[in-house]
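Below is one structure, written out as structure tokens; comments come after it.
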Amino acid sequence: MSIFPFIVVAWVLAVGLYGIITSRHLVHQIVCLIVVQSSTYILLLGVGYRTGAVAPYFYDIPPNTPAVDPVVQALALTDVVVEAAVTALLLAFAVQAHKRFGTLDPEELRQLQG
Amino acid sequence: MTPSQRRWVFLVAGGGFLAFYLWGLVGLPGFGHYPGPYGDIINAIAVSQTHATAVVSAVNFEYRAFDTLGEEFILFTAATGVATVLRHLREERDTSAMDEAMNRDVPATSDAIRMVTLAFIGPTIVVGWYLTSHAQTSPSGGFQGGIVLATAFVLVYLAGQFIVFKRLSPVALTDAIEAIGAGSFAAVGIAALALGAAYLSNILPLGSTPGAVNSAGTIPLISFFVGIEVSAAFILIIGELLEQTLIVREGNR
């Protein structure tokens, strides 16, 4: 099953997207977006993985030891930071939406605007 | 569109996505068979080239330092955005009462919570500072360390009062620290330009021993600036969000 981790990626992505389209609460929707983004961590780390290789830290191991790809790990770090920033901003919007319209249900918010 | 219609559109689109995804996977190398070459090249040269034993940090703060600068400014912009979205509006003060919890008292922080959080504040600062200053040697760096340092301030909030949290991290000061952190990262690159090197190239001495804390040139320096930027940004964001809930509490007392 050498593609199993990539199937997990698709599953996490699909579950998150399903949550977003069926959600009746903005904060729940934001959490679903986090789930969607989590799939990219699995994808990035899965792409760079090599069976039997060590983490790319050569503090106490010889420099020529086979190691996994450090570039995708750095990208995963970027991913986490951006996710935290986006989540904070979206939560701030949710707070304002609740203040202004008194509801966090996307359907009701749509009716208010329509 | 009704929810059930939306679900059907999602199922159709999801089926199409799955088909293309599986089709694409057939041509890819399987899990555990990383084909290279970029990761292998960087793993082979990074330690001798940068004297950093943490190759992920070397990628973040040296090879991809320009991208990391952009990433840091995403965080900077997000903190600014949160502060802007949650700013106090004039009509808000009048309607801040929120009488929903009027018949309930705000419970005081229990002594157990206060003891545990107070005991954790010191170690949290030490760990955060350790992570920020050891980007070049071990799995750590300014982003991780900055978050842990910001956690220390959240512990202050948990242990005591929002007022203490605010007194320890006044918005003007936190704003300034955040700007200094972000600006200094950019300035490290400009210093390289002034010396005739490329933007953000490693202009400082690398040190003799790879893996020593004082090795790897600009990597620990950039990590330090990133650390203070990230901690200040998260203290600001958390402070803004907490302020929204605590307007209510003050009204109740």
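Throughout, protein chains are lettered first and strands after them, A, B, ... in sequence-line order, and every chain is numbered starting at 1. Just so it is clear, the model here is predicted, and its values are computed rather than measured.
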request  = Count the heavy-atom pairs under 4.5 Å between each of B:Asn60, B:Leu11, B:Thr84 and chain A, then report the option with the highest count.
outcome  = B:Asn60
task = Quick one: which of A:Leu77, A:Thr22, A:Val47, A:Val68 has the most heavy-atom pairs under 4.5 Å with chain B, could you say?
result = A:Leu77
task = Could you look at B:Ile147 and say if it's the side chain, the backbone, both or neither that has a heavy atom under 4.5 Å from chain A?
result = neither
message = Applying salt bridge (charged side-chain N to carboxylate O under 4.0 Å, His left out), can you list everything that pairs with A:Arg24, at least two apart in sequence or on another chain?
response = A:Asp105
note = d(B:Glu71 CD, A:Leu75 CG) to nearest 0.5 Å is 9.5 Å
ask   = Among A:Ala74, A:Ala88, A:Ala85, A:Ala67, which has the most heavy-atom pairs under 4.5 Å with chain B?
value = A:Ala74
Closest non-hydrogen atom pair between B:Val85 and A:Ala92, with its separation = CG1-O, 3.7 Å
ask   = Quick one: of A:Leu89, A:Thr51, A:Thr78, who has the most non-hydrogen atom pairs under 4.5 Å with chain B?
value = A:Thr78
Portion of B:Glu72 that has a non-hydrogen atom of chain A nearer than 4.5 angstrom = neither
query = In terms of heavy-atom pairs under 4.5 Å, which option from A:Val95, A:Val71, A:Val80 contacts chain B the most?
reply = A:Val95
remark   = So, the part of B:Phe234 with a heavy atom under 4.5 Å from chain A: the answer is side chain
Residue that, paired with A:Tyr57, satisfies side chain to side chain contact (heavy atoms under 4.5 Å, CB included) out of B:Thr53, B:Val56, B:Val55 = B:Val56
key: Contact summary for B:Phe31 and A:Pro5, nearest pair of heavy atoms   = CG-CG, 3.3 Å
query = Of all heavy-atom pairs between B:Tyr34 and A:Asp69, which one has the smallest distance, and what is that distance?
reply = OH-OD2, 2.8 Å
request  = Using non-hydrogen atoms and a 4.5 Å limit, figure out which bit of B:Ala44 sits close to chain A: side chain, backbone, both or neither.
outcome  = neither
task = Tell me, yes or no, whether the heavy-atom count around A:Tyr59 atom OH, taken from other residues, nucleotides or ligands under 6.0 Å, exceeds 12.
result = no
request  = Tell me, with the steps shown, if A:Tyr18 and B:Phe10 meet side-chain contact (heavy atoms from CB on, under 4.5 Å).
outcome  = CA-CA 7 Å; A:Tyr18 183 78; B:Phe10 173 78; 3.6 Å; yes
message = Nearest 0.5 Å, please: how far is OG1 in B:Thr137 from CZ in A:Phe58?
response = 14.0 Å
request  = Might you confirm whether atom OH of A:Tyr49 has over 12 heavy atoms from other residues, nucleotides or ligands at distances under 6.0 Å?
outcome  = yes
Contact class of B:Leu75 relative to chain A, heavy atoms under 4.5 angstrom = both
inquiry  = So for A:Leu90, is it side chain, backbone, both, or neither that comes closer than 4.5 Å to the heavy atoms of chain B?
reply    = neither
inquiry  = Using heavy-atom distances under 4.5 Å, tell me whether B:Ser138 contacts chain A through its side chain, its backbone, both, or neither.
reply    = backbone
Selection from B:Ile42, B:Asp40, B:Val47 maximising heavy-atom pairs under 4.5 Å formed with chain A = B:Asp40
task = Report, as yes or no, whether the 6.0 Å neighbourhood of atom CZ on B:Phe73 holds more than 12 heavy atoms from other residues, nucleotides or ligands.
result = yes
inquiry  = Need one label for B:Val82: side chain, backbone, both or neither, based on atoms under 4.5 Å from any heavy atom in chain A.
reply    = both
key: From B:Ile237 atom CD1 to A:Leu91 atom CG, the distance as rounded to the nearest 0.5 Å   = 10.0 Å
ask   = Heavy-atom distance under 4.5 Å to chain A: side chain of B:Phe17, backbone, both or neither?
value = side chain
query = Side chain, backbone, both or neither: which part of B:Asp67 has a heavy atom under 4.5 Å from chain A?
reply = neither
